[in-house]
Amino acid sequence: MQRNGPVALIFHSLVVAFMLAPMVVVCLVAFTPENTLTMPWNSLSLRWFEAVFEHADFMASFWNSVRLALLSATISTFLAVPAALAITRYEFRGRDALNALFLSPLIIPHLVLGVAFLRLFSLMGATGSFAWLVATHAIVVSPYTLRLILASLTSMDRNAENAARTLGAGEWTVFCRITMPLLLPGISGGWLLAFINSFDELTMSIFVTSPSTVTLPVRMYMYASESIDPMMAAVSALMIAVATVTMIVLDRMFGLDRLLVGKG
Amino acid sequence: MSFLSVRNVSKYYGPVAAVDSFGLDVEKGEFISLLGPSGCGKTTTLQMVAGLVRPSAGTIMMGERDITHLPPPQRELGVVFQSYALFPHMTVAENVSFGLEMRKVAKAERDRRVKDILALVHLLALADRYPREMSGGQRQRVAIARALVINPPVLLLDEPLSNLDAQLREEMQFELRRIQQVVGITTIMVTHDQSEALSISDRVVVMEQGRITQVDTPYELYERPRNPFISSFVGKSNFLAATAEHHAGGATISIGNTGITFQANDRPKGKHVSVFIRPEKLRLTAPSEGQIEGTVTSRYFMGNQWLVSAKTPAGTLSVAVQNFGAPPPPIGEKVGLVWRNDDCRVLAAGAAE
Ligand SMILES: Nc1ncnc2c1ncn2[C@@H]1O[C@H](COP(=O)(O)OP(=O)(O)OP(=O)(O)O)[C@@H](O)[C@H]1O
Ligand SMILES: [Mg+2]
């Protein structure tokens, strides 16, 4: 690998600083004892975190988002495993179309998806249902699960499965004992990415949530459009913490660069 | 009725034949080597026998039973893959034990057999390691143990020793042969190492571009290769351009540029032929005493022998000289070369010169 020159080093540092600075500022502001968005120069306080935990709407939205992310990540994983197996292992008509269909939510703007789903749900009379919200999120996060599972499938040694077959294992045993364990890094990596993406999805959710299914990002958006106080900073800090912890777990378990830069 | 019979089996990938009309009868307990250059279809052939590649044509019989379309789990063959194909998420012991589990062998019995087989391949100490924590040679031995432990009637080995160092390789060759004979297990081994094929097989099958070109015992194969390609692929060879006068009892062969003629029993087609002779069947003498005179152009010391090249009117000839007594003459020296005409094989002039 080539060493960076001093100019490149300064440039990279500036880019990183530019990306990190807002998050650092938000996290710091969250500890302010004041009533306005100010830096806590003189003293630190947890009052805005307390405020979040005592704010019933925020807590309801938080749990709503957690449930939504858990369910949609899991559902999309269950869909992506067979889809990835079909795409990598079988020649059939419409294979490329299936692949493209699964990846399309990455390309279509969430705003468009949101409007489309809103229209669809009002036609169906399903507006405001939590189940349909889960369905929309499962669709939006499925590119992540599919990508990661595809990556681990293509890098997998098919002869391991063949070896199991010659040793007397039937197809179902091969799948449970060999294929699934070897896919596990891809599956759990995809699941976690899907979870994070569902958890902070805002654009589409604005259209498809109802007062009873407001997610945390939507709640924050609504709150922030009325008033800006340090509670928003506290919520943001908490979300950053959740995302960071998941990323660290992901990295510890599988190595982030392997998952995201990945082969295939 | 032979034990395992492969009849006219072909495999096409698109219009290209990876294996073309492969036919072979294997007796019970026989050790067969499939020998051939890279890409000649050895792995494909083995995988068709294993049931992992579906033949485009032909049948495979095990005794009276047609197994051509039988799925691999029902064939109960032991297979060692070219890439080892170990289960990366299982320890060595778990890898080896997998086949026994599939056969519902009781836990205690399983542990005992795994232990025995790991001792056999000198891996007992590494039983709890994962494949990624082992060297290529060690993985290869796990793969062998995993295939052997189920006591299969037929063992299919795809270059099982390719990653071992010379010494361990030799040890494992004879070990494989020993196990094979003790257990009486019918074995087909793929290799592209000719000395390995010669040293441990009962019969060697030579393949070129998907086709069998010769099936013989190692000695016959080495002494009577059927074409120039085989003679240079199996062992080293000298080729001399020659012409043949065919007559009732055989042919009179004249080696080009030398005036040497002799009677041959081989009956190659055509007038232009190749005479081939192994380096170890040539001997160096004083310049005037040989059938042909030459000048030493190179001399390599190989330990047990010297490989000397001499430029002669018939072309450059390699001579293997046992490392016995004084070293052979140095480069530039005039020498005579002697051989017995009976040791010469005459083949139709081919491309592999
Ligand atoms: N799945 C496949 N699709 C298309 N062609 C294939 C496939 N598998 C093998 N081939 C071709 O068939 C031929 C024989 O391959 P095979 O793997 O049997 O060779 P091999 O003798 O085992 O070679 P090596 O000594 O390098 O392992 C090769 O030319 C290869 O390119
Ligand atoms: Mg091969």
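Here is the naming used below: chain letters follow the sequence lines, and residue numbers restart at 1 for every chain.
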A/Arg89 CZ: over 12 foreign heavy atoms closer than 6.0 Å: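 Yes, CZ of A/Arg89 has more than 12 neighbouring heavy atoms, counting only those of other groups under 6.0 Å.
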Residues, nucleotides or ligands: over 12 heavy atoms within 6.0 Å of A/Tyr90 OH: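 Check fails, neighbour count at 12 or below.
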Residue pair A/Ser205, A/His137: steps toward the side-chain hydrogen bond (donor to acceptor under 3.5 Å, both in side chains) verdict: CA-CA 8 Å; A/Ser205 303; A/His137 272 234; 3.0 Å; yes
Mutual orientation of the aromatic rings belonging to A/Phe175 and A/Trp172 [parallel < 30°, tilted 30-60°, perpendicular > 60°]: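 Ring orientation, 0 to 90° scale: parallel.
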Proximal component of A/Asp157, with respect to chain B [non-hydrogen, under 4.5 Å]: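 Looking at A/Asp157, just its side chain touches chain B.
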Chain B contact via A/Arg158 - side chain, backbone, both or neither, heavy atoms under 4.5 Å: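 Neither part.
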Checking heavy atoms, do the side chain of [X], its backbone, both or neither come under 4.5 Å from chain A?
| X | value |
| --- | --- |
| B/Arg103 | side chain |
| B/Leu86 | backbone |
| B/Leu52 | side chain |
| B/Gln47 | side chain |
| B/Gln82 | neither |

B/Glu133 (side chain) donor-acceptor with B/Tyr130 (main chain) under 3.5 angstrom: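 Pair found, side chain donor or acceptor close to backbone of B/Tyr130.
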Choice from B/Glu76, B/Gln74, B/Arg146, B/Arg75 maximising heavy atom contacts with chain A below 4.5 Å: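 Of the candidates given, the most pairs with chain A belong to B/Arg146.
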Check: A/Glu161/A/Thr179 side-chain N/O donor and acceptor closer than 3.5 Å: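 A donor-acceptor contact under 3.5 Å links the two side chains.
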